[in-house]
Number of protein chains: 2
Amino acid sequence: MIENDFFRALADPTRRAIFEKLAAGSMNASALREGMEISQPAMSQHLAVLRSAKLVREERQGRFVNYEVNPDGLALIAQWLAKYRAYWPERIAALKVLLKDMDQ
Amino acid sequence: MIENDFFRALADPTRRAIFEKLAAGSMNASALREGMEISQPAMSQHLAVLRSAKLVREERQGRFVNYEVNPDGLALIAQWLAKYRAYWPERIAALKVLLKDMDQ
DNA sequence: CGGACACATAAGCACGTACTTATGCGATTC
DNA sequence: GAATCGCATAAGTACGTGCTTATGTGTCCG
């Protein structure tokens, strides 16, 4: 049950902050820590959780490890959300934006 | 931070099961318990969490309390997801379905 | 080779979470 | 109005989670 992984991963505000930072641009673990007041092991552990939830992916570059958003993870969330489309109120602006960018 | 609430609410598999059951049709707390092996207080506590996350809403009917999916909660998730639309791979089938049903 | 660096992992601990049993509270029924 | 029903809440407990400090692993550089 993969849903379990990404919902649990995103349940932590620190991990969401990390994820959002990565969404603004891929970077390595040290760069992620800048301006975040989080220890190195804590960051490493959070990244491990996000990794196993398929929300981010790593790529070793020398002695750095570059992290980036994994589109597959977002697709899984969208997939989960799609199950409940019967309940989406059509009028909601955010949803309009959402479909506009996806269509084409 | 409302995101915190719904991600934490959905992080629990039992609560997701309850939510999915409600998505199939609104019902009261006792009906929700059927076929679920969960105690009455546990169900009540889970519903309280889902309620405060705006994922479900209640409506008292005599001595029953009817629960139903709250579309606003789903809209908030969609809103959160929309922030990362730059990362959605266009080809993913689930997303196609999603946009097809939203555009109309 | 040896040290420094970037990151991961291990172990321990404080706190949160999901359950239990017990009880309370409003609404119905007789 | 007393018993019962549907549900909520209280209090206690076992377990999970996120942090810490300490140490390990792989890479670069002198």
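Each chain gets a letter, A, B and so on, in the order its sequence line appears, and its residues count up from 1. Predicted, not measured: the structure shown is a model, and the values here were computed from it.
Under a hydrophobic-cluster definition in which Ile, Leu, Val, Met, Phe, Trp and Tyr are linked whenever side-chain heavy atoms come within less than 4.5 Å, directly or via other members, A/F64 and A/Y67 are assigned to different clusters. With hydrophobic clusters built from ILVMFWY side chains whose heavy atoms lie under 4.5 angstrom apart, A/I18 does not share a cluster with A/V49.
Using a 4.5 Å heavy-atom threshold, the side chains of A/I77 and B/W80 count as touching. Side-chain atoms of B/E58 and B/L47, non-hydrogen and from C-beta on, never get closer than 4.5 Å to each other.
Put simply, the side chain of B/R8 never gets that close to the backbone of A/A11: no donor and acceptor are under 3.5 Å apart. Here the side chain of A/R15 pairs a donor or acceptor atom with the backbone of A/A9 at under 3.5 angstrom. No donor-acceptor pair under 3.5 Å is formed between the side chain of A/R57 and the backbone N or O of A/E68. Formation of a donor-acceptor pair under 3.5 Å by the B/Y87 side chain with backbone atoms of A/A23 is found in this model.
Within 6.0 Å of the CD atom in A/E37, the count of heavy atoms belonging to other residues, nucleotides or ligands does not exceed 12.
C/dA8 atom P lies 12 Å from atom CG of A/L50, rounded to whole Å. A/E58 places its CD atom 7 Å from the P atom of C/dA8, with the value rounded to the nearest Å. In this structure, A/F64 places its CZ atom 17 Å from P of C/dA4, rounding to the nearest Å.
Distances shown here put a side-chain N or O of B/Y67 below 4.0 Å from the OP1 or OP2 atom of D/dA8.
Ring-plane geometry between A/F7 and B/F7 is classed as tilted, the angle between the planes lying from 30 to 60 degrees on a 0 to 90 degree scale.
Non-hydrogen atoms lying under 4.0 Å from DNA chain C are contributed by A/N28, A/A29, A/S30, all within residues 18-36 of chain A.
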Exercise for the section: For each nucleotide in nucleotides 25-30 of chain D, reading 5' to 3', give B when a protein heavy atom comes within less than 4.0 Å of its base, S when such contact involves only the sugar-phosphate, and - otherwise. Expected result: --BS--
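If A/Q40 and B/Q40 are placed on DNA chain D by their nearest nucleotide, the residue sitting closer to the 5' end is B/Q40.
Here the shortest heavy-atom pairing between A/F19 and A/L55 reads CE1-O, 3.4 Å.
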Taking N or O atoms only and anything under 3.5 Å, show me the protein contacts with nucleotides 13-19 of chain D, one pair per line.
{"from": "D/dT17", "atom 1": "OP1", "to": "A/R8", "atom 2": "NH1", "distance (Å)": "2.3"}
{"from": "D/dG18", "atom 1": "OP1", "to": "A/R15", "atom 2": "NH2", "distance (Å)": "3.0"}
{"from": "D/dG18", "atom 1": "OP2", "to": "A/R15", "atom 2": "NH1", "distance (Å)": "3.2"}
{"from": "D/dG18", "atom 1": "OP2", "to": "A/R15", "atom 2": "NH2", "distance (Å)": "3.2"}
{"from": "D/dC19", "atom 1": "OP2", "to": "A/H46", "atom 2": "NE2", "distance (Å)": "2.2"}

